[in-house]
Amino acid sequence: VNKKRGRLSGTLKVRRSKALILHWNREELIFENFLLRRRISANALLADLLSELERFKTVDWIKRRFIGKSRVGWNSVLQSLLEQGILVEQHSAADRDEEVLTKNWKWNLPAQYFHFVTKDGTYRFDPEAEQREFQALAKKEQPPSPFKDYPERPFVKLPKKKLAGGDLGEVLLRRRTKRWFVNRQLSLDELSALLFYTWGMTASRKTSIDERILRTSPSGGCRHPIEVYALIHDVSGLNPGIYHYSVRRHGLELLVAKPIGADFVRFCSGQKWVENASVMFVMTALFERTMWRYRFPRAYRVVQIEAGHLGQTLQLAATALRVDSFITAALQDSLIERELGLDGIRESVVYCAAVGKTRNPNRRADIRPGAKLTRSKGRRVPTPE
Ligand SMILES: Cc1cc2nc3c(=O)[nH]c(=O)nc-3n(C[C@H](O)[C@H](O)[C@H](O)COP(=O)(O)O)c2cc1C
């Protein structure tokens, strides 16, 4: 760019950005560069121009092709397209960054867009101002409850059970993912302990704004968006079926009584090893809980991170109880949501875990904590994701 004269050289080469996404905000068509996090609104004619700029073309070419004799204002239009990152100048920093992006990111547009557009949140850590803000918000919009209840459904109260098992260091070292489940009945005490120590309420409090629960895992803004459903295949004293875990009452609400174990493999996208798990725990997110307080899309990351915390806690609780456990994100979300009677929009599946007893556990599961990993010469264990 010749800044002095403010005119673009006709030989300057430009192309459209590779980090571009188009969407509407009401009637406005938005052109957004998600790597630079810059956006403009323009009409659809700009999309026509950009369609022809997949590869570098000179400014002269653009002028001949699109502008003809009327040059009024076009110089500044092209300049602002460059400034906003809609167009990229050859050999510029933006050009180099986009090369790095396209060469290195094997996840395409949806992942790229979400990741880059939600980088660098703007936060203001002023507890008093925040308090005032949320108090005002709570008057306008009721904060979502941290409890989901199915009061009309048959209810099974669970026993409270202490998690007796080793010291934390020993449990941490013994934690392993184990996969090939065999039929084994889980006791109600074991199920109860797994649910309580992972998703149960360890404390609660009412603030002037809302009601909050605490768990063994942390939660951004104490919103606890994750719900859990226990899909019971084989637990003593329980009919097989789909249950919702009531955090409020530490018990199970029966949603559907039916054999469900045969569906585990389909739910987990064909992973045969989960077939005989005693229980599958489906974690869903009730997004509104986190959204109420954090309106910006970066908070979606928080929900996923929290599911991870809970997955780890479940595995540690299972290890302490000497119950085998498995976790997976390779899920048929919509299928599971239909089975659970969820709309998949306000509440959606995020993560699953299965527990029970495994045979021929993954060889690495057999090794002593701290032992060196060596390549197995025995039966090949399928490599999971
Ligand atoms: C988010 C996440 C998703 C996973 N998905 C699967 C899966 O779909 N299938 C599977 O067999 N294992 C899955 N695993 C388990 C990993 O394969 C396992 O954690 C890894 O091999 C390390 O073994 P370890 O858990 O015993 O330390 C997943 C783990 C995580 C954290």
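- Side-chain contact of Ser348 with Glu337: a donor-acceptor pair under 3.5 Å is present, judged by distance alone.
- Looking only at side-chain heavy atoms (C-beta outward), Ser192 and His250 come within less than 4.5 Å of each other.
- With contacts defined as side-chain heavy-atom distances shorter than 4.5 Å, the pair Glu54/Arg16 qualifies.
- Two residues are said to be in side-chain contact when any heavy atoms from C-beta on lie closer than 4.5 Å; Arg179 and Thr358 fail this criterion.
- Contact of the Met280 side chain with the Cys268 side chain is registered, since non-hydrogen atoms from C-beta on lie closer than 4.5 Å.
- Donor-acceptor pairing under 3.5 Å is lacking for the side chains of Thr216 and His309.
- Among Leu286, Thr290, Ile213, the one residue that satisfies the side-chain contact (heavy atoms from CB on, under 4.5 Å) test with Arg223 is Thr290.
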For this session: Take Phe267 and Val274 through the side-chain contact (heavy atoms from CB on, under 4.5 Å) test and state the conclusion after the steps.
Result: CA-CA 10 Å; Phe267 292 168; Val274 288; over 6 Å; no

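- A heavy-atom distance below 4.5 Å is not found between the side chains of Gln84 and Asn33.
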For this session: Given side-chain contact (heavy atoms from CB on, under 4.5 Å), test Leu194 with Leu163 step by step and report yes or no.
Result: CA-CA 9 Å; Leu194 291 172; Leu163 195 68; 5.9 Å; no

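- Between Glu99 and Lys18 the shortest side-chain heavy-atom distance falls below 4.5 Å.
- A distance-only check finds no donor-acceptor pair linking the side chain of Arg184 to the backbone of Gly356 [under 3.5 Å].
- Aromatic ring centres of His115 and Trp105: separated by under 6.0 Å.
- Between the side chains of Thr284 and Glu227, not a single donor N or O lies within less than 3.5 Å of an accepting N or O.
- No side-chain heavy atom of Asn43 sits less than 4.5 Å from a side-chain heavy atom of Leu29.
- Checked against a 6.0 Å centroid threshold, the rings of Tyr245 and Tyr243 do not count as neighbours.
- Annotation: cation-pi geometry satisfied between Arg249 and Phe155 (NZ/CZ under 6.0 angstrom from ring centroid, within 45° of ring axis).
- Taking the six-membered ring where the residue is Trp, Phe281 and Trp199 present tilted rings, their angle falling between 30° and 60°.
- Side-chain contact annotation: Thr207 with Asp210, donor-acceptor N/O pair under 3.5 Å present.
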For this session: Before giving the answer on side-chain contact (heavy atoms from CB on, under 4.5 Å), spell out for Cys222 and Leu214 the whole-Å C-alpha distance, their side-chain angles and the decisive distance to 0.1 Å.
Result: CA-CA 7 Å; Cys222 204; Leu214 296 171; 3.6 Å; yes

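- Under the 4.5 Å side-chain criterion, counting only non-hydrogen atoms from C-beta, Leu81 is not in contact with Leu50.
- Within the model, atoms OG of Ser278 and CZ of Phe181 stand 7.5 Å from one another, a figure rounded to the nearest 0.5 Å.
- Residues Phe31 and His23 keep their aromatic ring centres 6.0 Å or farther apart.
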For this session: Check step by step if ring pair (Phe, Tyr, Trp, His ring centres under 6.0 Å) holds for Trp292 and Phe134.
Result: CA-CA 9 Å; Trp292 181 85; Phe134 289 126; 5.8 Å; yes

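- Residues Thr313 and Ser217 bring a donor and an acceptor atom of their side chains to less than 3.5 Å of each other.
- Here the two rings, on Phe114 and Tyr300, have centers that are under 6.0 Å apart.
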